[in-house]
Amino acid sequence: MNRPLLLNPGPVTLSERVRNSLLLPDLCHREPEFFDLQDEIRARLLQVHALDPSIWAAVLLTGSGTAAVEAMVSSLVPQDGQLLVLENGVYGERITRIAQIHRIDYETLAHDWTAAIDLDRLRGRLGQAPVITHVAVVHHETTTGRLNDLSAIAAVCAEFGVSLLVDAVSSFGAELLEFAPAITAIAATANKCLHGVPGAAFVILRRSALAAAPTRSLYLDLAGWCREQDRRSTPFTPSVHAYYALREALREFDDAGGLQARHRQYGQLADQAADGLQKLGILPLMPARDASVVLRAYRLPACGYARLHDELKAQGFIIYAGQGTLSRQLFRISTMGAVAAADVARLLAETARIVA
Ligand SMILES: *Cc1c(COP(=O)(O)O)cnc(C)c1O
């Protein structure tokens, strides 16, 4: 096999169409062609969820997904704000680290990595002093494949008039995401469910939130990036080729039927993998109704991770280990990217041979 199939949660296997877009002409980021590229991406990002551009802005950044999450948290929690971070995995804990580094006044509501967010605990905390102004949560916690119940969390935030900041890095483009009134911003990246390459990330925010935006960072200042992009400029040298790939990936996304179509396609692949592995005695960490369509975590078979990984890699499949202490119990398979049912069928056939 000449091309590896990436079954890790980004970077993803590229379509030929997106890969070829990387060969477009060299482009200076002070030329109108670059601003056309930037404008088209910003407009298409809002169109994924049919968001009104007079209320919402897509702010494009050069960096990985973490840059977008850090820009969102550091730019949108005001100096006198108080942040509550909901943690149930590595990426929720990363938001806490961001709050610490930027000296944001924060608290955490920590959960076991395998647990769902406890809405009663959330409601209990929001009802107490000192007053929480912002809650941050991960939509799809890639640590375990759990899809946190964003609508329910947003509803609790709305009860208390609290703003919700969402790490949607591994869900944007594949999971249905309701931009409920409590949601102030979501952060995401080009190289996960949108099928671009690493280097471009973005925050979709309510324009009204920029009025009180503090500046805690030179590079990750969302208000500055948004202001420059609105006037067809850019504050720093962008990753032009990553933008080429993101534009093509967004065009391909629309041509294939948009969000509903991708959600359905991902769901079919995830279920195909889960059903096939179950027949081999490899069980999922959680029931499908709690999991994303993007990635699922499975209990390791007796052969162990190293052998499973290495033998699958020799056949062209890259799977993903569990994180932290979960690495001893779990492995993960993500079917994001240009992956087809036939690829999953081959993966299952190879896995059957290895665990036999
Ligand atoms: C991948 C991921 C990130 C960001 O990772 P980068 O390596 O910085 O792109 C953040 N949050 C979640 C939930 C992720 O899955």
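Each ligand, and each atom within it, is numbered from 1 in the order the structure gives.
- Among all non-hydrogen protein atoms, the one lying nearest atom 2 (C) of ligand 1 is Lys192 NZ, 2.6 Å.
- When the options Val90, Thr143, Asp167 are ranked by their closest heavy atom to atom 11 (N) of ligand 1, first place goes to Asp167.
- In summary, the side chains of Ser21 and Glu248 do not present any donor paired with an acceptor at a separation below 3.5 Å, with no hydrogens or angles considered.
- With atom 4 (C) of ligand 1 as the reference point, the heavy atom nearest to it among Val294, Thr189, Val69, Thr66 is part of Thr66.
- The ligand atoms of ligand 1 that sit less than 4.0 angstrom from a heavy atom of Ser170 are 13 (C), 15 (O).
- Every atom of ligand 1 with a heavy atom of Val138 under 4.0 Å away is listed here by number and element: 13 (C).
- Apart from Ile318 itself, the hydrophobic cluster it occupies contains Leu6, where clustering links Ile, Leu, Val, Met, Phe, Trp and Tyr at side-chain heavy-atom distances under 4.5 Å.
- Closest to atom 6 (P) of ligand 1, if we only count protein heavy atoms, is Ser64 OG, 3.5 Å.
- A donor and an acceptor atom, one from each side chain of Arg94 and Thr66, are located under 3.5 Å apart.
- Met286 and Ile333 are not part of a single hydrophobic cluster, where members link through side-chain heavy atoms under 4.5 Å apart.
- For Gln268, there are no side-chain hydrogen bond (donor to acceptor under 3.5 Å, both in side chains) partners at least two apart in sequence or on another chain.
- Close contacts of ligand 1 with His140, meaning ligand atoms under 4.0 Å from a residue heavy atom, involve 13 (C).
- Residues Trp225 and Tyr219 bring their aromatic ring centres within 6.0 Å.
- Under the 6.0 Å cut-off for aromatic ring centres, His241 and Tyr244 qualify, their centroids lying closer than that.
- When each atom of ligand 1 is checked for a heavy atom of Thr142 under 4.0 Å away, the hits are 12 (C), 13 (C), 14 (C), 15 (O).
- Within ligand 1, the atoms closer than 4.0 Å to a non-hydrogen atom of Gly65 are 4 (C), 6 (P), 8 (O), 9 (O), numbered from 1 in the order shown.
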